[in-house]
Chemist: 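Submitted below is the structure of interest, expressed as structure tokens.
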2 protein chains.
Amino acid sequence: MPYDPSAFPPFAVTVDLVVLTVRKHALCALVVRRGEPPFEGQWALPGGFVRADEDLEAAAGRELGEETGLRSQEPADDAASVRDPGAHLEQLATYGTPDRDPRMRVVSVAHLVLAPDLPTPTPGGDARGARWASVTSLLASEDQGPEDVEVGPLAFDHDRILADGVERARSKIEYSSLATAFCPPEFTVGELRRVYEAVWGVALDPRNFHRKVTGTPGFLVPTGGTTTRQGGRPAQLFRAGGATLLNPPMLRPEV
Amino acid sequence: MPYDPSAFPPFAVTVDLVVLTVRKHALCALVVRRGEPPFEGQWALPGGFVRADEDLEAAAGRELGEETGLRSQEPADDAASVRDPGAHLEQLATYGTPDRDPRMRVVSVAHLVLAPDLPTPTPGGDARGARWASVTSLLASEDQGPEDVEVGPLAFDHDRILADGVERARSKIEYSSLATAFCPPEFTVGELRRVYEAVWGVALDPRNFHRKVTGTPGFLVPTGGTTTRQGGRPAQLFRAGGATLLNPPMLRPEV
DNA sequence: ACAAAAGTGTTGGATTTACACCCATGA
DNA sequence: TCATGGGTGTAAATCCAACACTTTTGT
């Protein structure tokens, strides 16, 4: 088939963001309220158009900064991760069903962001209404009654994008050190365990968990400090080590 | 930021295919020779434009059929998998670096296809020049000398897309039953083992492999027949069972 | 003293690995 | 009979789940 650059069908390309964090022992996602039709007033995932000369990942990072003030840090530049609450960013999947946007043909490249709990309850930036909502309430709203009435079904196909992102996060922390992206720069083993418990929605044995993560070489490096911010006996503080793969993987208990 | 549908930057959206199969104990990818500039005469991954009213996965399936005559079979319709050599198709990733195509801004949604070894050595269809090339020769051509001079570096960023697809296939057969997609409808345990060995490039213990795959409930279902097409003692024939997840996973030996 | 969270030790069961050994066919 | 691949048995090493038990703080 000969290639005719002037005859390609025109598409709009956007990035949508599944921004996840752990707050109060629950997995939460960032949602924004739409200011214009379609789906005006409804909640949606943050996102926006890719600019004409902008890389996809750069567009996702830009939108992330505009909505939350976060900065993604994929290649961890030296000690930048200490002074700045960075976040993990990766491409999730692309959604391009012809009628997913009633106005025009839009292909959206969704990205997944894992961020530590932010000091600001409501993320700042130029976002109109933005809030954290627990993913259980967001994902349950399709089938069951309105558990959290404030956020109904999300706009467009964002419920599915969110579900895909949550599933990706749940499976990826099994075999990688990605769960540390939910933690502040320095954290305890117990705090890391509560991340796993929140993301998976299960209870883990603290003793076995401790042995597992401290026994994997390169996964955690002790900083020397301790803290009692969780109460009880002082706990050692750790930073994420260089190891990005967790082998053997963390085992997710049966549901 | 107000939404102006008439002002979005125009993008071309394509699908590119990483079609993998196992031939003669080697993992091979389908490549086509480009007939026009840019990269005229160079080899590339098969692909093409997404039509104005076409789903992304449908576009990938259509291109697959045009290039190979294969049909994807994601939702395995009853016994269709028996009479037709189906193939596994899934979305891989999206590539949209601004200058990846010198002519215009092109965002390509790459898909991964795993297919059984086809009876036709050179895939038919409307493809000009199409051939299978071993991924080791394709991926080695960047660094080392031209091991297989006929296929040099691939056009555009297709070397990277291919590498991502191969890595996805290698990791996914660890914990899923996806390796059966490389096999004909009925196959032996030894044939399945040779798929793993070709994809991973390692040797596996035939006895332990046999116990592992036959001992996982729902993974393989015996058809009752036997074959001696590999020589030696007749081997039982199996079909892929309903189980799509392999737990505990197949362990990939250290390299 | 007590509660709470952090850690260590130990034991039984499951899984993996390595390899000895037997089975059924074609040449 | 021999080569070839298919398949079963078994013992050592390893890994994981469960839980008793000790440590160190705040109240």
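By convention in this document, chain letters (A, B, ...) are assigned in the order of the sequence lines, proteins followed by strands, and residues within each chain are numbered from 1. Values below: all heavy atoms of this structure, side chains included; hydrogens, waters and symmetry mates excluded.
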Chemist: Kindly say if B:His210 contacts the phosphate of D:dG7, meaning a side-chain N or O under 4.0 Å from OP1 or OP2.
Modeler: yes
Chemist: What do the steps show when you test B:Phe209 against B:Tyr196 for ring-ring contact (aromatic ring centres under 6.0 Å, His included), and what is the final call?
Modeler: CA-CA 10 Å; B:Phe209 183 88; B:Tyr196 275 91; 5.5 Å; yes
Chemist: Within the structure provided, determine whether B:Tyr95 and A:Gln91 are in side-chain contact (heavy-atom separation under 4.5 Å).
Modeler: no
Chemist: Would you call B:Val113 and B:Val18 a side-chain contact if the rule is heavy atoms closer than 4.5 Å?
Modeler: no
Chemist: Using a heavy-atom cut-off of 4.0 Å across all strands, would you classify B:Arg193 as base, sugar-phosphate, or nothing?
Modeler: sugar-phosphate
Chemist: Report the C-alpha separation of A:Ser177 and A:Thr180 in whole Å, then their side-chain angles, then the decisive distance to 0.1 Å, and conclude whether the side chain to side chain donor-acceptor pair (under 3.5 Å) test is met.
Modeler: CA-CA 6 Å; A:Ser177 62; A:Thr180 59; 4.7 Å; no
Chemist: Mind checking A:Arg229 for me? I need base, sugar-phosphate or nothing, with any heavy atom below 4.0 Å counting as a touch.
Modeler: nothing
Chemist: Over how many whole Å does the gap from A:Leu220 atom CG to C:dA6 atom C1' extend?
Modeler: 15 Å
Chemist: Heavy atoms under 4.0 Å is the rule here; annotate nucleotides 18-27 of chain C 5' to 3' with B where the base is hit, S where only the sugar-phosphate is, and - elsewhere.
Modeler: BBB--BBB--
Chemist: Can you identify which nucleotide, out of C:dG7, D:dG7, C:dT16, has its nearest atom closest to the B:Pro248 side chain?
Modeler: C:dT16
Chemist: Between A:Glu191 and A:Thr188 (side chain of the first, backbone of the second, donor and acceptor by atom type, cut-off under 3.5 Å), is there such a pair?
Modeler: yes
Chemist: Report yes if some heavy atom in the side chain of A:Cys183 is under 4.5 Å from a heavy atom in the side chain of A:Val195; otherwise report no.
Modeler: yes
